[in-house]
Amino acid sequence: MPGQTHRVTVIPGDGVGPEVVRSAQRIIAAAGVAIDWEIAEAGAEVFKRGDTSGVPQATRDSIARTHVVLKGPLETPVGFGEKSANVTLRKLFETYANVRPAHELPGVPTRYAGEGVDMIIVRENVEDLYAGIEHMQTPDVAQCLKVISRKGSEKIIRYAFELARREGRRKVTCATKANIMKLTEGLFKRVFEELSAEYPEIVAEHLIIDNVAHQMAKNPAQFDVVVTTNLNGDIISDLASGLVGGLGFAPSGNYGDDVAIFEAVHGSAPKYAGKDVINPTALVLSSLMMLRHLHESDVADRIEDAVLVTLEEGKAVTQDLARQTGGDVERAASTTGFTDAIIANLGRQPSTVPPRSGSERPSGKATPRPHWSYGAAVSAAVPRTTVGVDLFLETWEPADAAGAILERLAGDVLRLEMISSRGTMVYPATGLAPDSVGLLRARFVAREDGAAVSDAEITSLVSRVGERFAWTHIEKLHVFAGEPGYTKAQGQ
Ligand code: NAP
């Protein structure tokens with residue numbers, strides 16, 4: 001509630017983190033919001049102490065208590081731990097929505113100044129290739145699983161539509177690579193199309209992600225809310241930041257149902273650490289998203305206005321901006337000086353930016369809907385048949401030689417349908433010879449067209465083939481409600 005004392009976990013972080021976090025804390029205090037900060041640690045020093053997660057239990061406990069985090073950037077030092085503490089934090093607390101607004105700022109020159117760039121990228125934050133499920137299939141072939149679920153897609157897409165509705169936005173663009181990854185990115189696109197029917201007042205469009213990159217460079221003002229999968233979102237949200245002034249100005253919020261984590265998009269910028277020169281705007285704008293989440297929208301608006309006045313007047317300019325504008329870098333404002341200027345400008349209104357109502361500014365979490373189209377009962381009701389199996393084999397043998405052997409090993413119930421190398425069919429021969437990398441996929445299906453294949457038949461096949469080839473993993477081929485749950489090989 002506005003006016004109360006809020007409890008927030010603050011993680012100063014690594015490199016320039018403590019300086020930018022301190023700047024935001026000073027401005028919030030000067031604006032009169034009472035926050036009881038629980039200081040917690042994560043990142044480089046934690047890894048170095050031998051905690052391979054980078055996020056100590058005391059920090060997890062604090063976040064579980066406060067539900068709100070203001071966080072500086074965290075480093076994963078090379079040689080300590082293997083997972084990023086940032087990603088660990090997002091996943092531990094299931095902050096599934098990464099929200100990155102990118103809008104034009106006064107006094108920050110860009111190629112697009114005056115075009116009215118004002119978009120919000122809503123990036124799925126816990127699935128996709130960032131699930132981090134990677135395996136070396138052979139000593140020389142690496143694989144990363146791209147995990148996209150209906151539940152994860154529905155949560156983030158509904159979040160994006162609810163955000164658009166709450167903030168009076170007119171359009172939501174879904175950005176995928178569904179034309180190539182028909183099952184993973186395709187599922188995301190299908191869920192988007194299904195849910196868009198519930199938001200008739202919002203224009204819903206789908207664009208292929210590469211076209212989104214192209215359109216953003218050409219005419220960024222056409223975008224309003226963009227919702228996308230994790231890797232796509234990681235890339236285009238940095239692109240969007242670049243359109244409006246770069247990392248020094250790019251805020252973000254990670255929202256879950258219980259916890260929200262607010263941080264700048266940039267990293268620890270180690271070369272500037274401790275020098276009092278870094279631009280704190282990104283973290284200050286992130287802290288405004290936090291204040292709105294805490295229902296302190298009026299104060300957030302006041303601080304935002306003070307930031308805009310400071311940028312607009314250009315009396316206190318940090319080094320990065322001085323460099324961009326051809327200004328005097330030697331006389332640029334320090335982090336502390338820039339913070340002081342924002343504090344001094346509290347209560348003033350920017351003259352070049354039209355006033356916006358609090359509800360039009362990024363904030364808060366979506367209202368969960370009672371009827372989800374996922375869950376155990378829904379899944380169980382989908383009719384399914386296992387119609388075959390893909391067996392991945394470590395072998396450098398030519399496909400025709402391997403094929404002849406696998407035809408014999410297939411047995412009476414199954415037949416070898418095809419072999420592929422990196423997704424391209426190489427058996428039966430197509431007349432083309434894609435490069436071999438020492439990993440083949442052999443697809444076996446029932447000899448009787450479309451017949452079900454039992455687990456016992458699959459297990460028996462695996463042990464027969466395993467006597468001749470080193471197999472690395474298997475994938476069952478399912479048909480769900482009449483739809484194949486697997487794709488064909490290229491050229492099949
Ligand atoms: P970075 O720390 O974001 O810095 C890259 C460059 O961006 C800086 O050298 C600087 O450019 C510019 N920059 C960053 N923050 C700025 C700011 N506030 N104001 C003005 N300019 C700013 O990226 P990095 O060097 O690739 O990563 C360093 C460490 O941070 C790595 O360990 C990485 O893993 C970590 N990281 C953490 C997070 C996070 O916690 N969410 C995010 C990204 C990276 P110039 O050199 O041109 O001045």
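Keep in mind it's a predicted model, so treat the numbers as computed, not measured. In listed order, ligands and their atoms are each counted from 1. Each residue takes its place number in the sequence, starting with 1.
- With distances taken over non-hydrogen atoms, the option nearest atom 8 (C) of ligand 1 out of Pro280, Ala273, Ala269, Ser268 is Ala269.
- Nearest to atom 14 (C) of ligand 1 among the protein's heavy atoms is His266 CB, 3.6 Å.
- Formation of a donor-acceptor pair under 3.5 Å by the Ser237 side chain with backbone atoms of Arg100 is not found in this model.
- Within the 4.0 Å heavy-atom shell around ligand 1 one does not find Gln319.
- Nearest protein neighbour of atom 39 (C) of ligand 1, counting heavy atoms only, is Asn86 ND2, 3.3 Å.
- Shortest contact from atom 45 (P) of ligand 1 to any protein heavy atom: Tyr272 OH, 3.6 Å.
- Remark: among candidates Asp14, Leu247, Val265, the nearest residue to atom 42 (C) of ligand 1 is Val265, based on non-hydrogen atoms.
- Residues passing the side-chain hydrogen bond (donor to acceptor under 3.5 Å, both in side chains) test with Thr318, sequence neighbours excluded: Asp320.
- Near Asp320, meaning under 4.0 Å from any of its heavy atoms, are these atoms of ligand 1: 19 (N), 20 (C).
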Assess the residue pair Glu127 and Lys91 against the criterion (salt bridge (charged side-chain N to carboxylate O under 4.0 Å, His left out)); give the C-alpha distance rounded to whole Å, side-chain angles, the decisive distance to 0.1 Å, and a yes or no.
CA-CA 9 Å; Glu127 296 197 336; Lys91 283 175 172 249; over 6 Å; no

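- The protein heavy atom nearest to atom 41 (N) of ligand 1 is Glu263 OE1, 3.2 Å.
- Counting only distance, with no hydrogens or angles, the side chain of Asp14 and the backbone of Glu75 share a donor-acceptor pair below 3.5 Å.
- Pro251 has its side chain out of reach of Leu288: every pair of non-hydrogen atoms, C-beta onward, lies at least 4.5 Å apart.
- Every residue two or more places apart in sequence or in another chain that forms a ring pair (Phe, Tyr, Trp, His ring centres under 6.0 Å) with Phe161 is listed here: Phe192, Tyr199.
- Within the 4.0 angstrom cut-off, atom 18 (N) of ligand 1 has one or more protein heavy-atom neighbours.
- Arg348 has its side chain out of reach of Asp305: every pair of non-hydrogen atoms, C-beta onward, lies at least 4.5 Å apart.
- Residues Glu167 and Pro101 form no side-chain contact, since every pair of their non-hydrogen atoms from C-beta on lies 4.5 Å or further apart.
- The protein does not reach atom 47 (O) of ligand 1 closely, with no heavy atom under 4.0 angstrom from it.
- Of all non-hydrogen atoms in Gln319 and Val329, the two that sit nearest each other are CG-CG1, 3.8 Å.
- By heavy-atom distance, the residue among Ile278, Asn279, Leu74, Thr281 lying nearest atom 22 (C) of ligand 1 is Ile278.
- In summary, the atoms of ligand 1 found under 4.0 Å from a heavy atom of Arg323, numbered by their order in the structure, are 48 (O).
- Remark: among candidates Gly72, Gly267, Pro73, the nearest residue to atom 23 (O) of ligand 1 is Gly267, based on non-hydrogen atoms.
- The nearest protein atom to atom 32 (O) of ligand 1, hydrogens excluded, is given as Glu75 CG, 3.3 Å; this is a heavy-atom distance.
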